[in-house]
K.L.:
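Quick one: the structure is below, questions incoming.
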Amino acid sequence: KIVFKEGGCFGDCPIFNMYIFGDRSVYYEAIKFNKQQGNFNTTLDQEAFNTLIRTINYVGLSGLASRYEVNWTDDAAIDLEITYNNGKVKKVHDYGMIGTFGLANLYSQLFNLRDSQRWRPAGPRI
């Protein structure tokens with residue numbers, strides 16, 4: 001499972017939460033500064049899902065720090081939580097979104113899902 005939360009910045013950075021599950025189902029909460037606002041769900045296309053998994057494997061979760069931050073203010077922050085290998089959990093808070101090259105690539109993929117998938121309106125996440 002992947003939980004990706006973008007908390008916004010001092011400006012119009014998108015604010016959203018995305019929950020991606022092993023069966024490729026996704027729940028997306030588009031809160032503010034997204035092309036559409038509201039709650040949505042979809043099933044990721046196989047190619048996008050496989051690319052995410054390959055990137056996660058490349059990143060090397062066990063070697064990541066739990067916190068990254070840039071030395072300036074008013075930037076966006078990401079909270080990422082990945083559950084893998086039968087229950088292991090890696091949490092990363094990344095203020096500035098440039099913790100590592102691999103993470104930056106993963107963030108870009110997750111951001112792009114907002115526009116590349118076929119989203120259906122959904123109710124609130126329970």
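Because the structure is predicted, anything quoted here is derived from the model rather than measured.
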K.L.:
Taking the side chain from K1 and the backbone from I20, do they hold a donor-acceptor pair closer than 3.5 Å?
P.N.:
no

K.L.:
Test Q117 against every option in D45, T43, N112 by the side chain to side chain donor-acceptor pair (under 3.5 Å) rule and name the one that passes.
P.N.:
D45

K.L.:
Give, for atom NZ of K32 and atom CD of E6, the distance between the pair rounded to the nearest 0.5 Å.
P.N.:
13.0 Å

K.L.:
Any chance you could measure I15, atom CD1, to E29, atom CD, to the nearest 0.5 Å?
P.N.:
12.5 Å

K.L.:
After noting the C-alpha distance and the side-chain angles of V26 and L113, does the key distance pass the side-chain contact (heavy atoms from CB on, under 4.5 Å) rule?
P.N.:
CA-CA 10 Å; V26 184; L113 292 176; 5.8 Å; no

K.L.:
Could you work out, with side-chain contact (heavy atoms from CB on, under 4.5 Å) as the rule, every residue matching R54, not counting sequence neighbours?
P.N.:
N50, T51

K.L.:
Please report the shortest heavy-atom distance between C9 and D74, naming the atom on each side.
P.N.:
CB-O, 3.8 Å

K.L.:
Report yes if the side chains of E81 and K90 come closer than 4.5 Å at any heavy-atom pair, otherwise no.
P.N.:
no

K.L.:
Rounded at 0.5 Å granularity, tell me how far CG in D75 sits from SG in C13.
P.N.:
6.5 Å

K.L.:
What pairs with N105 under side-chain contact (heavy atoms from CB on, under 4.5 Å), at least two apart in sequence or on another chain?
P.N.:
T55, Q109

K.L.:
Answer yes or no: is there a donor N or O on one side and an acceptor on the other, between the side chain of W119 and the main chain of T42, under 3.5 Å?
P.N.:
no

K.L.:
side-chain contact (heavy atoms from CB on, under 4.5 Å), that's the test. Do I82 and V3 meet it? Break it down for me.
P.N.:
CA-CA 6 Å; I82 300 176; V3 177; over 6 Å; no

K.L.:
So which of F16, Y19, Y27 actually passes ring-ring contact (aromatic ring centres under 6.0 Å, His included) with F4?
P.N.:
F16

K.L.:
Taking the side chain as every heavy atom from C-beta outward, state whether L106 and I2 have any pair of such atoms under 4.5 Å apart.
P.N.:
no

K.L.:
Please determine whether side-chain contact (heavy atoms from CB on, under 4.5 Å) holds for the pair N85 and L61, giving the CA-CA distance in whole Å, both sets of side-chain angles, and the decisive distance to 0.1 Å.
P.N.:
CA-CA 11 Å; N85 285 355; L61 296 177; over 6 Å; no

K.L.:
Are more than 12 heavy atoms from other residues, nucleotides or ligands located less than 6.0 Å from atom CZ of R118?
P.N.:
no

K.L.:
Given the rule in the side-chain contact (heavy atoms from CB on, under 4.5 Å) test, do E69 and D94 qualify, once you have shown the distances and angles that lead to the verdict?
P.N.:
CA-CA 6 Å; E69 52 184 71; D94 191 344; over 6 Å; no

K.L.:
Which heavy-atom pair separates V59 from L103 by the least distance, and what is that distance?
P.N.:
CG2-N, 4.0 Å

K.L.:
Going only through I, L, V, M, F, W and Y residues with side-chain contacts under 4.5 Å, is there a path from F21 to L110?
P.N.:
no

K.L.:
Let me confirm one number: the CG-CD distance from L52 to E47, rounded to the nearest 0.5 Å.
P.N.:
11.0 Å

K.L.:
Please answer: with hydrophobic residues joined when any side-chain heavy atoms are less than 4.5 Å apart, are I56 and I98 in the same cluster?
P.N.:
no

K.L.:
Applying side-chain contact (heavy atoms from CB on, under 4.5 Å) between Y95 and each of T73, I78, D79, report the one that passes.
P.N.:
T73

K.L.:
Taking ring-ring contact (aromatic ring centres under 6.0 Å, His included) as the cut-off, I'd like each qualifying pair that reaches into residues 36-87, sequence neighbours left out, listed once.
P.N.:
Y28-F40

K.L.:
If you look at every heavy atom in K35 and D115, which pair is closest and at what distance?
P.N.:
CD-OD1, 3.5 Å

K.L.:
Can you tell me if N34 uses its side chain to pair, donor with acceptor, with the backbone of Q36 under 3.5 Å?
P.N.:
no

K.L.:
Using only atom types and a distance under 3.5 Å, with no angle test, would you say the side chain of S66 pairs donor to acceptor with the backbone of V92?
P.N.:
no

K.L.:
Would F111 and I53 show up in the same hydrophobic cluster when neighbours are defined by side-chain heavy atoms closer than 4.5 Å?
P.N.:
yes

